[in-house]
Trainee: 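Structure incoming, see below.
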Amino acid sequence: MKNAFFGLLALLITFTLTNCKKTEEEVKGLGDVVIEMDNHAGDEILEFGKSYVTAGGDTVKFTTFNYFVSNFILTKDDGTQYLVPKDSCYFLCQHDDVDSREIVLHNIPAGDYKSVQFIIGVDSLKSVSPVGDRKGVLDPTGAAAGMYWSWNSGYIFVKVEGTSPQAPVDAGTGERTLEYHTGLFGGKDSPTLNNLKTVKITSTSESARVRDGHTGDEAPVFHLYVDILEMFTTPNSFRVADVPTSHAGPFSQKVAENYADMFTLDHVHNHQ
Amino acid sequence: MQPDFYKVTGISKGLILGVLSVLLLFSCKKDEPSYEVFLPSNFPAPAYDLSQNPVTTAGFELGRKLFYDPIMSRDSTIACADCHISFSAFSHPQHATSHGIDGLFGRRNALPVQNLIWQTSYFWDGGVGQLDLIPLNAITNPVEMDESPAHVVAKLNRHRQYPALFREAFPGGDSVTGPHMLQALAQFMSMLVSANSRYDHYVRHEAGGDMSQQELAGLQVFQQKCATCHATDLFTDQTYRNNGILDNFTLDRGRNEVSSLPEDIGKFRVPSLRNVALTGSYMHNGKFKTLEAVLDHYASGVKDSPTLDPLLKQNGQLGIPLTAEEKQSILAFLQTLTDQDFVNDERFQK
């Protein structure tokens, strides 16, 4: 947790330092940036209930695909960074709620941004905060109820559920179910596993052009593909027969390493 | 629970005597006494930030009502207070492991609810790191209350009294919300401070602090042989350790279940020993019924395993050497940690 804190502090300092440098301001004002999370299974657009094949050769169908993304940092072409403020940097993306997968970052200083960085999950500071500081998607009695472990007061960062004929029969439900709930932020006063992963997406071609007053449909979009099948492979390919479920145990580390690269940039879309 | 109750009871003697007590918030109505959280001078600074959820009269009373109300469980049969009983410092006396809904038995011995604002983590494995969030564990646990927070909130909203009580405790809100429910319970639990035992009066040089020769001898042995782990006047250093009550932890891996770190298998939070004479059975699994049995364990029953605390295996010798006389004096000393003011405080009862 200390590390995460100092990491953020370092970023904050970098941000303020770089910000102090007076660059020639061509564009001024504030606009929006949209991060679109386009869920896929391999090359196909993800649909619940449809069969897909993992890299290991297992046939899988999905019923749940939810993930938290937070702590967004945008980088301009000149290297200047903009840290999205803490009070508006937590998002819960749920596959069956399209709106939740269109993340809108408001009041971004105008400029050309080539990259976006974020954490998969909820950072350690927020994970130990009092309930009054857990609003909206972070409310463990509300929106986050299904994404929160009450016995381990931490959020589930990525929740994948489904079925597979290759999975063993679950004694409780009698079905061949898959259940991968991954969390663990590193612990409060004593360490735990830390499965927080940082993703940095950089556009090698077009940058997102944020302009004053350009919000809604006028805002530039980082269009990302989120491949659910990545959770089963690279670097720790596994078969669902061997690991049909994973929660807070040691295997969660491998699942998190796998899904860390499920976000890729399809394209940046500018509307003008 | 008449409104006049508070005028009659007033502030307990302990609060007036308490060397350091901080006035937190004045209640809106002038004629009602304000609530103070007792911050004893022999305790360190609290870990919980009281300013982000200040204790108010209405909030505290609402929290108490919720704590005693079985509406919090799936079939409305079990309340927090059924497992956390005031006369035993809000623990579950005589029960090795607590039974909850449908008569199901949990794996673990209920912990007392006291001095929570000084703790940094909660439960035997430290799984919960925020006082506010403790109730969610009990509410959702299938062998405790087996309920969903959203459903409890819905039931509270349909209730005759609760919506008005929530509006009073949290002005500005128009209905019962989950976070407010948690904050009200947290306000009630913040107030559960036990620091008026005979031992406390002794260390604070207050009236009522007389200790016998044997009790003082016990304190001395305790400081030598137990206080490394049961440290400070909270009687815990808040770390996770294996004190050798078992050598196989497949039934309950303790801290490892939270951390997933192999070195944490069999480690449990060092519990406070305040009111320990009232809180038996002892240990996370309720293995020992009496304090005598606990001392016999430390003297001659410690079991070896890879994560056994090194303090309990010094010079290749298992356990803590204790003579019969030392055991008697420790037992006498532990009795001085009982806080009658706390367990009899009417403000904390139904």
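So you know, we letter chains A, B, ... as the sequences are listed, proteins then strands, and number each from 1.
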Trainee: Which bit of A:Leu184 comes within less than 4.5 Å of chain B, counting heavy atoms only: side chain, backbone, both or neither?
Mentor: side chain

Trainee: Counting only non-hydrogen atoms closer than 4.5 Å, does A:Asp139 touch chain B with its backbone (N, CA, C, O), its side chain (CB onward), both, or neither?
Mentor: side chain

Trainee: Does a side-chain heavy-atom distance below 4.5 Å link B:Arg253 with B:Asp125?
Mentor: no

Trainee: Does A:Val240 reach the side chain of A:Tyr180, with side-chain heavy atoms less than 4.5 Å apart?
Mentor: yes

Trainee: Does any backbone or side-chain atom of B:Asp264 lie under 4.5 Å from a heavy atom of chain A? Answer side chain, backbone, both or neither.
Mentor: side chain

Trainee: Less than 4.5 Å to any heavy atom of chain A: does that hold for the side chain of B:Thr140, its backbone, both, or neither?
Mentor: side chain

Trainee: Examine whether an atom of B:Tyr240 lies under 4.5 Å from a heavy atom of chain A, and if so say whether it belongs to the side chain, the backbone or both; otherwise answer neither.
Mentor: side chain

Trainee: Just checking A:Phe157 against A:Tyr155, ring centres under 6.0 Å apart?
Mentor: no

Trainee: Between A:Gly154, A:Ala145, A:Ser252, A:Pro140, which shows the greatest number of heavy-atom pairs under 4.5 Å with chain B?
Mentor: A:Pro140

Trainee: Check each atom of B:Val128 against the heavy atoms of chain A and say whether the ones under 4.5 Å are side chain, backbone, both or neither.
Mentor: both

Trainee: Give the member of B:Gln52, B:Glu257, B:Arg255, B:Met181 that has the highest number of heavy-atom pairs under 4.5 Å with chain A.
Mentor: B:Arg255

Trainee: So do B:His84 and B:Ser91 actually touch side chain to side chain, heavy atoms under 4.5 Å?
Mentor: no

Trainee: As an exercise: rank A:Pro191, A:Gly142, A:Ala248 by heavy-atom pairs under 4.5 Å with chain B and give me the winner.
Mentor: A:Pro191

Trainee: May I ask you to test the B:Asn137-B:Phe123 pair for a side-chain heavy-atom distance under 4.5 Å?
Mentor: yes

Trainee: Is the B:His180-B:Phe170 ring centre distance short of 6.0 angstrom?
Mentor: yes

Trainee: Which of the residues B:Ser260, B:Gly178, B:Pro149 is involved in the greatest number of heavy-atom pairs with chain A at under 4.5 angstrom?
Mentor: B:Ser260

Trainee: Distance alone, cut at 3.5 Å: any donor-acceptor contact between the side chains of A:Thr64 and A:Glu161?
Mentor: yes

Trainee: Looking only at heavy atoms and a cut-off of under 4.5 Å, which of A:Ser127, A:Ser129, A:Gly132 has the most pairs with chain B?
Mentor: A:Ser129

Trainee: Is any side-chain heavy atom of A:Thr163 closer than 4.5 Å to a side-chain heavy atom of A:Leu178?
Mentor: no

